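A quick write-up on the structure given underneath.
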Amino acid sequence: MAFDISYNPLEPGSSAVPLAFAIGCLTLLLTLALFLMVFALRMSVLEKKKRQQRFIEKWAPVWGYCFQGELPEHIPQLSLDDTTPFLTQWIQYQESSDESMRELLRLVALKAGVEKHLHQILRSRSIREKILAITALGFLNDHTYDGIFRHWINSSNVSISLASARALLQLDPEGSMPLLVRLLREREDWPPARMILFLTEAGINIISQPLAKAALETPTPKLINYLSITSSTVAVPVLMSILKSAAKPDVILACLQTLCKFDIRTDLPLIRRFLNHPEWECRAATAKILGKTGQPQDEASLVMLLSDSQHIVQYEAALALFEMPHFNRQAASDICERLTEQTGLRTLTRVMTEKRWQS
Amino acid sequence: MMLFSHEDFLSLMIAMQWFFLIYFIGLNLVYIFLNIVSFFFIRQYTQERDLDDVPPFYSSFSPAVSLLVPAYNEEKSIVASIYSLFNIIYPDYDILVINDGSKDSTLQVLIDEFGLIPLPDDYTRSLQTEKIKMVYMSSRYRNLRVIDKSNGGKSDSLNAGITVSTNPLVCCVDADSILQPDSLLRVVQPFIENPYTIATGGTIRLSNGCQFKNSFMEQIRLPRKTLPLIQIVEYLRAFLFGRLGWSPINSLLIISGAFSVFKRDSLLEVGGYRTDTVGEDMELVVRLHRHYRLKGKRYNIAVIPDPICWTEAPEDLKTLRNQRVRWQRGLLESLSLNKELLFHPRGGFVGWLAFPFMVVFEALSPPLELLGYIFMIWGAIYGYINWVAFTAFMLIAIGMGLLLSINALLLEEMSFHLYSRYTDILRLLGAIILENLGYRQLTVFWRLQGLCQWFFKTEHRWGEMQRAATYSTQPDPAEALEQVRDEKTAMGKARLR
C-alpha cells in the first residue's frame, strides 16, 4: 500500500488514534512493570547480601585454617546454592596463593563436595557460572571435561574461550600449546595482556619454544610481543633473526621493545643500526636497549640522541645514559658543558634533577 | 490575494503532523535500540566484572599515565584535590597540575604544601599553548609536577599538560572531581585489552548529597533538593544507555571532560584540544573519530559503565541554565567543526548513525521540540488536532519519557545499585515523574538559547558555579594521607580476602 501524505493521522476516527492510545497505555504499563522489577532486584540484592553474610560466617573458619597452612577437621558440605559464592571466593584465593596453599585449597574443595555440583554449573545458562566452573575445573586439575574445553576455546564468547584456554593450559600445558598458538594467531578478540598472564602461569619452559616458532613463522607485532615472557636464550636469537630481515616499522618496533626486556650481549651492531631509524619510537627503544647493555662506546650515540627532533627520544636517551654503569653526575656535567644544543642540554639537566631528588 | 487557500493550510497541518510523528517515532526507535544494546552490554560487563578482580589481573601490564589537572584560582581546594589523587591505586602514574595563570595564590599554596622545585624547561612544544613559565617537581612526592603557565583556559592548560607529559596515556581530570581509588585501573582496562584503543571514559555520577571526608567518598546518598535529584536521573539516563549504547558499536561521540583517558600520541596527531570551543571535550572525541575514520585507521573509543568519578551538579537554576546553554553550544560547535564526518563513505556507524542522530535528535531538537509543543497545543485548541488524538499523543510522549528513565534506573539496579535504600528508589521515581512536568520543557528552552548563541556566535561567558560540596575545603594533610594509606591497605586486604 502506498504511503498517503494527505491522510490525517490525528483526525477523529483515524486508526492511528486508538493505536496511539494502546501504545501509550503499554508504555505506562511497561513503566510500572520495570519499576516493580527495580524493587524486586533490590530485594534480591538484599537477600543475596544476607546469604553472602551467612556463607562468610560458615566458611570463614575454614579459610582461616587454610591461611595457617592447615587442613580443617570439619569442612561443611556445599549446597548447590552456596557453590557459586564458594567458587568465587575459592578462585580468588587460588589466584593469590602459592603452590602449597593451592593444594590445600584443592583438598578443601574436594572434601566439601564441589565436584558433584560442577557438572550442573558447567551446563548453566549463566555465562558467569559457566566461567566459574571452567576455571575451578582447571584449578582442580580435573580432566573430565577436556574435550568440552577444546570445543569451547573456539567459542565466540571471548570470556568462555579465555576461561577454556586457561583451563587447558592448566590441565595439559604441553598438549594444548599447538592449539593455543594457532588461536593466538587467529583470534583478534583475545586480550594479549590476559593471555600473557595465562601463558606465564603455564611455565616459561613450556611456552618458549612454541611461541618462538610461531613468531619466526609469522613475524607479526602481536606474536613478537609474546616473546617478552619467554626465556631470553630462546627469544633473543629469534628477535635478532626477525630484525635482520624486517622492513615494516611496526615489526621492528615490536622486536626492539621486546628486546628492551632482555639483557643483550651479542648482536649489538645490529641494534645500533636503528639509532637512525626514521620512526622515533624505534630510536627511543634502541636508546633504552643501549642504556641497559651499558657499553661505553654507545655513550656518544646516546649523546647524539639528546639532540633528536622528538622529545621522548631525547628523554629516553638521557635516561639511558644514567642507566650506564660507568655514568655518574660528573660525567653528566661534562656532557652538559660540551653540549651546544639547548633542548638536549635541558633534557639532560632535567633528568639529572629528577635523579637527584629521586635518590 | 491570499497566499494560502484553506486546503493548502490543512495540507500543511497534516504534513506537520506527519513530520512530528515521524520525528518522534525515529527518536524513540533509536532510544530503544540504545537501551537494548546497553542492556546486553551491562549484563555481560557485570558478569565478567565479578570474575575479573581488576587490580591483580592487570597491574603488571598497565601503561604509565599522566593525570592532567588544570587549576585556575583554586587556592582553597587544590591541595585537597591533589591529596585525593594520591588515593588512586595504580602501578605507574604521575600527577601534572597545570596552574593556568591563577590570580590568587594557587601556585604558592602548591609550592608550600608540596615543596616544589623548578625543573629545567626541556620539553618540545608539540602543541601550541600560552607561555609555559616554569615546570616544577615536588621534592616530597616523586610523582607530582606542576606547570605554571599564562592564562589560556582549560583546553590550553590540558594542551600544556599533554606537551609536558612523557607517558603514553594522559588522563584529564577536573580539579573538583572525586575519583574512586580504582578509577584509573578500570578506565585503563580497555587500553590493555584492545591495543587500538585511543580514548576511554568512565561513568560520571553526581556527588550532591553524598558525604565526604578529606576528599574521600564516605557515604553515597541522594540530595535533598529536587533540582540535583532530577539531574541524577538525567545522568543515569545519559551514561547508562546514552553512552553505553553507542560504545559497543564504536560510535561514542562524548567522553566527559571530568574524567577521560587518551593515548597521548593520538592527541598529538590531531593537534590536542581546540581552544576556541566551549565543548572542548566532545569536540576532541568527534575529531578523533573523524581523523581515524577518514584516514581508514583502526581505532577504538570506549566507555566503561563503572561509576568511577563523582562531580557536583548545579543546585540553582542560574548555574544550571549556564551549564545547559554551554553544553548545547558545545554540542553544535563539535558537530559543525567536524561535519565532514557526516555521511562520509568511510564514516561507518559513527558517520551514518551516531553523528546524524546527534544532529537531528540532539542539536536540532530544542526548536523542533518547542515547535512540537506549540503546534500540538495550538492545533488542539483550534480544532486542527482532535483532543482525543492530542491526549493519546501526550500519553505516548510522557509514557516514553517515563519508560526510558525507569529503564535507566533498572540498568543501575542491575549493575551497581549505589542508592541502597528503598526510599532512594521511591525518591528517584518521584524525580522521574517531576522531570516530565516542567523541568524538561525548561531545559529545552535553555538549549534553544545555546543553539541561538552558536548560530549568532555570541561571546560565551562561563559564569560562576555555586558549589555546595563539603569536599572543597582544605583537609588536614596528615589525616588525608593517613586515610589514603588506610584505603590502600583496605583494598589490598579486599583483594586477598
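Treat the numbers as computed from the prediction; the structure is a model and nothing was measured. Just so it is clear: chains get the letters A, B, ... in the order the sequence lines come, proteins before strands, and each one is counted from 1.
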Subject >> Atom pair CZ (F35(A)) and CG (L429(B)), whose distance is rounded to the nearest 0.5 Å >> reply: 4.5 Å
Subject >> M16(B) atom CE, neighbour heavy-atom count above 12 within 6.0 Å >> reply: yes
Original post:
How long is the span from the CG atom in L41(A) to the CE atom in M414(B), to the nearest 0.5 Å?
Top reply: 8.0 Å
**OP:** Could you give me the CA-CA distance, side-chain angles and deciding distance for R43(B) and I127(A), then say whether side chain to side chain contact (heavy atoms under 4.5 Å, CB included) is met?
**Re:** CA-CA 10 Å; R43(B) 206 177 66 158; I127(A) 292 172; over 6 Å; no
**OP:** Tell me, for V38(A) versus chain B, whether the close heavy atoms (under 4.5 Å) come from the side chain, the backbone, both or neither.
**Re:** both
Original post:
Within a reach of under 6.0 Å around NZ of K288(A), are more than 12 heavy atoms found that belong to other residues, nucleotides or ligands?
Top reply: no
**OP:** Could you pull out the closest heavy-atom pair between I312(A) and T166(B), with the gap in Å?
**Re:** CD1-O, 4.3 Å
Original post:
Where is the tightest heavy-atom contact between I117(B) and T353(A), given as atom of each residue plus distance?
Top reply: CD1-CG2, 4.4 Å
Subject >> Neighbour count >12 (heavy atoms, 6.0 Å) for atom NZ, K297(B) >> reply: yes
Subject >> Most contacts with chain B, counted as non-hydrogen pairs under 4.5 angstrom, among T349(A), L19(A), L26(A), L345(A) >> reply: T349(A)
Original post:
What closest approach, in Å, do R42(A) and Y422(B) show between heavy atoms, and which atom pair accounts for it?
Top reply: CG-CE2, 3.4 Å
Original post:
Taking it one step at a time, do L34(A) and L403(B) satisfy side chain to side chain contact (heavy atoms under 4.5 Å, CB included)?
Top reply: CA-CA 8 Å; L34(A) 291 189; L403(B) 184 64; 3.7 Å; yes
Original post:
Is there side-chain contact between L395(B) and C25(A), with at least one heavy-atom pair below 4.5 Å?
Top reply: yes
Subject >> Contacting moiety of M352(A), where chain B heavy atoms sit under 4.5 Å >> reply: neither
Original post:
CG/L410(B) to OG1/T31(A) distance, rounded to the nearest 0.5 angstrom?
Top reply: 11.5 Å
Original post:
Which atoms form the tightest heavy-atom contact between G399(B) and L28(A), and what is the distance?
Top reply: CA-CD2, 4.0 Å
Subject >> Residue L46(A) versus chain B: region with a heavy atom under 4.5 Å >> reply: side chain
Subject >> Residue E188(A) versus chain B: region with a heavy atom under 4.5 Å >> reply: side chain
**OP:** Tell me, for N194(B) versus chain A, whether the close heavy atoms (under 4.5 Å) come from the side chain, the backbone, both or neither.
**Re:** neither
